[in-house]
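One structure is given here, and the rest of the page talks about it.
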Amino acid sequence: MSNVKFEKPPLAELILGIQFEEGVFSPNDIFDIYERLKDEFPLIEEHPALPAVIESESKPTTFHFPNDNSARKFFISATGEHLLQFQSNRLFFNWRKSANGVENEYKNFDSVFEYFIGILTALNEEYDFLKKVNQYEITFFDHLILDELKLKLSESLLALNIITFDEALKTMQVGLQFFKSELPATLYVNIRSGKMTSDSKDVIILESTCRGFSGKSLDEIERWLRQAHEELVEIFVHILSDHSKKTYGISAK
């Protein structure tokens, strides 16, 4: 799937991140990092902390909040295209297509991936946190806008390759989960109908996430994230109908 070409990818947001087995960033650490990065990320927001998540093939997924009750800080670039998320046990990076009224161009996965790895490498040299990593994550949010597909809401299923149903559709909510032992990782795909906040156009929101762990070295993190990306692309292309693939210019190189 590395040879798949997207002429007009419907990607709205891409998130790459790592999670730690315990808190590695104190509030003072996060403030110091912001002071260092504020020229590139001048905007800052505070949000509730997210729970730690641990995936396993043989056990139920577990969730727990950090003991320090720390908030999650967003460092946001001036255009809103790039966002760094910090909490005591998490470091995540978001690329966003639409932010602050600006439409940003998604060049390719490598450009976002290498940007994240560069930040990860620089911060690890100071905080030495990779030895405490216990989870990686990659998430794609794709927006299949029905106007672009020339489909009505009742025809939404024609955008997808997962189910056939003769009746007119009113709304959609589909959830899929897989375990990929070769990564290892758990893959989630959630598909739901909705409306764009900017113009209220009908949209199919396709959220695909891969979470897992294979080791604490930077090489292992890079290998896993690249392989997880390939798995998510394969699932995404499989889910889309031929009509959607034609609309978005999806083909093999």
Side-chain angles (χ1 to χ4, degrees), residues 1-2 14-34 36-37 41 47 49-75 82-95 109-140 177-188 208-235:
M1 277 297 164
S2 59
L14 166 58
I15 306 171
L16 300 168
I18 57 174
Q19 176 184 276
F20 309 102
E21 58 198 29
E22 60 185 54
V24 299
F25 299 119
S26 69
N28 286 339
D29 291 334
I30 294 174
F31 176 79
D32 289 342
I33 293 170
Y34 176 70
R36 183 193 310 178
L37 299 177
F41 297 90
H47 295 263
L50 293 175
V53 183
I54 296 297
E55 304 283 1
S56 171
E57 182 176 16
S58 58
K59 299 178 183 178
T61 301
T62 60
F63 302 85
H64 68 271
F65 282 92
N67 296 326
D68 53 20
N69 296 317
S70 60
R72 186 168 40 126
K73 295 293 194 297
F74 283 10
F75 300 169
H82 294 158
L83 183 157
L84 277 171
Q85 300 185 47
F86 283 94
Q87 71 182 48
S88 64
N89 65 339
R90 278 176 174 259
L91 170 56
F92 276 55
F93 174 71
N94 302 43
W95 175 88
F109 176 75
D110 282 346
S111 63
V112 179
F113 174 79
E114 289 167 6
Y115 192 99
F116 171 68
I117 293 298
I119 291 173
L120 196 65
T121 302
L123 290 177
N124 184 61
E125 289 176 357
E126 181 168 351
Y127 295 97
D128 192 26
F129 49 57
L130 291 185
K131 61 187 179 184
K132 296 182 180 179
V133 171
N134 68 353
Q135 183 102 354
Y136 327 130
E137 183 174 323
I138 174 172
T139 294
F140 287 89
Q177 181 178 341
F178 316 87
F179 191 84
K180 304 288 288 189
S181 56
E182 59 269 31
L183 276 171
T186 302
L187 280 69
Y188 296 89
S208 51
T209 294
C210 189
R211 294 195 197 101
F213 176 74
S214 66
K216 299 177 183 289
S217 72
L218 187 61
D219 286 345
E220 287 170 308
I221 293 172
E222 291 190 47
R223 179 199 62 79
W224 188 95
L225 286 172
R226 286 194 179 279
Q227 190 173 349
H229 166 251
E230 295 297 319
E231 293 287 350
L232 292 179
V233 169
E234 182 176 355
I235 290 172

Taking the six-membered ring for Trp, are His229 and Phe140 parallel (under 30°), tilted (30 to 60°) or perpendicular (over 60°)? tilted
What distance separates Leu183 CG from Tyr136 OH, expressed to the nearest 0.5 Å? 10.5 Å
Is there a side-chain contact between Ser214 and Arg223 (heavy atoms, below 4.5 Å)? yes
Short question: side chain of Arg90, backbone of Pro51 - any donor-acceptor pair under 3.5 Å? yes
Interatomic spacing from CZ in Arg72 to NE2 in His47 - rounded to 0.5 Å: 6.5 Å
Test item: Phe116 and Leu14 side chains (from C-beta on) under 4.5 Å apart, heavy atoms: no
Sequence neighbours excluded, which residues qualify as side-chain hydrogen bond (donor to acceptor under 3.5 Å, both in side chains) partners of Ser26? Asp29
A quick test of your reading: do over 12 heavy atoms of other residues, nucleotides or ligands sit less than 6.0 Å from CZ of Phe31? no
Would a 4.5 Å heavy-atom cut-off, applied to side chains only, mark Glu182 and Gln227 as touching? yes
Should Glu220 and Phe213 count as side-chain neighbours, where that means a heavy-atom distance under 4.5 Å? no
Distance col, row Leu91:CG vs Leu120:CG, nearest 0.5 angstrom, shows 6.0 Å
Non-hydrogen side-chain atoms of Tyr127 and Ile33 separated by less than 4.5 Å: yes
What is the distance from atom NZ of Lys73 to atom CD of Gln87, rounded to the nearest 0.5 Å? 10.0 Å
Mind checking whether Glu22 and Lys132 have side chains closer than 4.5 Å, heavy atoms only? yes
Which of these passes side-chain contact (heavy atoms from CB on, under 4.5 Å) with Ile15: Ile138, Thr209, Asn94? Asn94
Using a strict cut-off of less than 4.0 Å between a Lys/Arg side-chain nitrogen and an Asp/Glu carboxylate oxygen, indicate whether Arg211 and Glu137 qualify as a salt bridge. yes
Can you label the angle between the Phe20 ring and the Phe129 ring as parallel, tilted or perpendicular, going by 30° and 60°? tilted
Short side-chain to backbone donor-acceptor contact, Asn89 and Gln19, under 3.5 Å: no
Over all heavy atoms of both residues, which pair between Leu83 and Phe41 is shortest? Give the atoms and the distance, please. N-CE2, 4.2 Å
Ignoring hydrogens, what is the shortest heavy-atom contact between Ile18 and Phe92? Give both atom names and the distance. O-CE1, 3.4 Å
Euclidean distance, Leu84 CG relative to Leu37 CG, rounded to 0.5 Å: 6.5 Å
Among all residues two or more places apart in sequence or in another chain, which pass the side chain to side chain contact (heavy atoms under 4.5 Å, CB included) test with Ser111? Lys107, Asn108
Criterion side-chain contact (heavy atoms from CB on, under 4.5 Å) against Leu130, the qualifying member of Thr121, Val24, Asn124, Leu123: Asn124
For Ala185, does its backbone N or O pair with a side-chain atom of Lys180 as donor and acceptor, under 3.5 Å? no
How about Phe93 and Gln85: do any of their side-chain heavy atoms sit closer than 4.5 Å? no
As an exercise, state the distance from CZ of Arg226 to CZ of Phe109, rounded to the nearest 0.5 Å. 6.5 Å
